[in-house]
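To keep things clear, I will list the structure first and then write my remarks on it.
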Amino acid sequence: MTTSSSGSGGDDHSPEHRPEGPPGGSDSADGQRFVLHKPGGEPVRTGRNLPVAIASGCVLGALVFFSIFPWPQLFTIITSLAVLIGLREVNRAFSGKGMTLAVVPLAVGGVAMQSFAYFGGADWLVGATALTAIAVLSWRLRGGADGFVSDASANLFTLVYLPFLLGTWMLLIAHPDDGQYRLVTFIVVTISSDIGGYFAGILLGRHKMAPVISPNKTWEGFGGSVVGCSVAGALCVVLMLDGPWWVGVVLGLAVVLGATVGDLIESMFKRDLGVKDMGRFMPGHGGLMDRLDSLLIAGPVVWIVLSLLL
């Protein structure tokens with residue numbers, strides 16, 4: 001859905017970590033055939049097959065678009081599938097560190113949380129989250145005391161990070177009258193943050209933003225995210241939500257912060273678990289969780305800002 005690089009010059013397999021390929025943009029080593037160039041003519045390696053990545057993102061975006069018009073209820077199916085696919089990826093990552101997830105209650109509760117959020121609102125989402133938390137902790141009791149705290153922490157982290165944050169997307173689309181357009185605004189603004197940060201970072205990036213967590217993120221990339229997100233936010237709020245432009249700018253600035261934090265959280269998560277990608281769900285993009293990172297954190301941010309200001 002998005003090239004997750006907000007505030008950066010690419011992910012951990014970006015230009016400065018790859019050798020230069022042959023001129024003309026071909027690359028037999030990693031299959032990349034599209035090479036950007038900096039203003040001085042120096043080739044920039046993006047670390048991914050951009051045509052394939054863009055095509056995959058467009059297909060997924062079209063799937064989301066046609067699932068919410070004209071029946072927004074269908075979007076519960078999309079987020080429910082995301083819960084199941086993401087849970088599989090997260091479970092595989094945790095298992096590499098010897099931690100065990102209560103997959104069954106997480107899957108059942110996580111899917112139920114999507115429908116509860118859409119049809120019942122925030123109160124039902126919170127209630128379903130609490131019941132699922134009780135269920136996963138009870139499920140883990142069967143394993144005894146050894147490793148209980150680490151397993152419980154992994155389960156509760158997964159519960160909040162994946163199905164709960166996805167549930168805030170349902171709160172957006174369930175809003176009366178303009179719910180579908182609120183969801184589209186959320187996706188467009190977040191993607192604009194990612195795209196602005198990605199291209200500004202790889203073309204202009206010089207000053208590292210968080211070298212310990214994600215060494216390829218730059219302040220120049222963050223500036224590109226701010227510009228892209230603010231412009232997209234103003235346009236979306238004015239044209240789709242019939243609101244004032246300044247609300248869109250506030251929304252854009254909030255999304256920049258949320259998306260950047262989301263990207264850093266996912267980077268830290270993968271570094272701690274020793275994985276490069278969460279999976280191979282989307283060609284050119286990696287796992288589903290690799291693409292949802294900024295969107296997961298930006299979702300509740302957009303819901304809060306729009307609820308308060310519109």
For a quick test of reading the model, state the closest non-hydrogen atom pair linking L137 to A152 and the distance between them. CD2-CB, 3.6 Å

Applying side-chain contact (heavy atoms from CB on, under 4.5 Å) to L310 and R182, what does each step give before you reach the verdict? CA-CA 11 Å; L310 288 182; R182 290 187 177 224; 3.8 Å; yes

Could you report the tightest heavy-atom contact between M170 and T76, atom names first, then the distance? CE-CG2, 3.2 Å

Please confirm whether W124 and F119 have ring centers closer than 6.0 angstrom. no

If you round to the nearest 0.5 Å, how far is NE2 of H175 from OG of S307? 6.0 Å

For the residue pair S80 and V111, what are the closest heavy atoms and their distance? OG-CG1, 3.6 Å

Testing the basics here: between V237 and G248, what is the closest heavy-atom pair and its distance to 0.1 Å? CG2-CA, 3.5 Å

For M289, does its backbone N or O pair with a side-chain atom of E89 as donor and acceptor, under 3.5 Å? yes

Are any non-hydrogen side-chain atoms of F269 and V90 less than 4.5 angstrom apart? yes

May I have the step-by-step check of salt bridge (charged side-chain N to carboxylate O under 4.0 Å, His left out) for D272 and K97, ending in yes or no? CA-CA 9 Å; D272 185 35; K97 286 290 188 177; 5.4 Å; no

Please confirm whether the backbone N or O of G144 pairs with a side-chain atom of R140, one donor and one acceptor, at under 3.5 Å? yes

Without swapping roles, check the side chain of S192 against the backbone of C229 for a donor-acceptor pair under 3.5 Å. no

Would you say I304 and L296 are hydrophobically clustered, going by side-chain heavy atoms of ILVMFWY under 4.5 Å? yes

Yes or no on side-chain contact (heavy atoms from CB on, under 4.5 Å) for I265 and V261, after CA distance, side-chain angles and deciding distance? CA-CA 6 Å; I265 288 173; V261 169; 3.7 Å; yes

Considering only heavy atoms from C-beta outward, does the side chain of W169 approach that of L295 to under 4.5 Å? yes

Distance col, row L183:CG vs I68:CD1, nearest 0.5 angstrom, shows 5.0 Å

Report the C-alpha distance between L257 and F222 in whole Å, list the side-chain angles of each, state the deciding distance to 0.1 Å, and finish with yes or no for side-chain contact (heavy atoms from CB on, under 4.5 Å). CA-CA 9 Å; L257 296 177; F222 181 76; 4.1 Å; yes

Quick one: CD1 on I173 to CG on D178, what's the gap to the nearest 0.5 Å? 11.0 Å

Identify the two heavy atoms, one from M278 and one from R92, that lie closest to each other, and give their separation to 0.1 Å. O-NH1, 4.0 Å

Hphob cluster co-occupancy, L308 + V249, side-chain heavy atoms under 4.5 angstrom: yes

Heavy atoms only: give me the nearest P244-V238 pair and the separation to one decimal. C-CG2, 4.2 Å

So, taking the atom named CD1 in I191 and the one named CZ in R291, what distance separates them when rounded to the nearest 0.5 Å? 11.5 Å

Verdict with reasoning, T185 to L241, per side-chain contact (heavy atoms from CB on, under 4.5 Å): CA-CA 9 Å; T185 295; L241 302 181; 3.9 Å; yes

Which donor-acceptor pairs under 3.5 Å do side chains of residues 154-167 form with protein atoms, sequence neighbours excluded?
residue: N155; atom: OD1; partner: A102; partner atom: N; Å: 2.7
residue: N155; atom: ND2; partner: T100; partner atom: O; Å: 3.2
residue: N155; atom: ND2; partner: D151; partner atom: O; Å: 2.7
residue: T158; atom: OG1; partner: A154; partner atom: O; Å: 2.8
residue: Y161; atom: OH; partner: E266; partner atom: OE1; Å: 2.8

Does L74 reach the side chain of I78, with side-chain heavy atoms less than 4.5 Å apart? no

Output yes when a side-chain donor or acceptor of Q180 lies under 3.5 Å from a complementary backbone atom of F69, and no otherwise. no

Neighbour count >12 (heavy atoms, 6.0 Å) for atom CZ, R88: no

Applying a strict under-4.5 Å side-chain criterion to I, L, V, M, F, W and Y, I'd like to know whether F75 and L81 cluster together. no

Check whether L106 and I134 end up in the same hydrophobic cluster, where Ile, Leu, Val, Met, Phe, Trp and Tyr are linked by side-chain heavy atoms less than 4.5 Å apart. no

Within the supplied structure, the quantity of interest is the number of heavy atoms (other residues, nucleotides, ligands) at a distance under 6.0 Å from Y181 OH; does it exceed 12? no

Does F116 have more than 12 heavy atoms from other residues, nucleotides or ligands lying within 6.0 Å of its CZ? no

Is it true that V188 and V247 fall in one hydrophobic cluster, defined by side-chain heavy atoms closer than 4.5 Å? yes

Approximate separation, where rounding is to 0.5 Å, of L172 CG and F186 CZ: 7.0 Å

Could you state the interatomic distance from CE (M240) to CG (L235), rounded to the nearest 0.5 Å? 9.0 Å

With heavy-atom distances below 4.5 Å as the criterion, would you say the side chains of W246 and L309 are in contact? yes

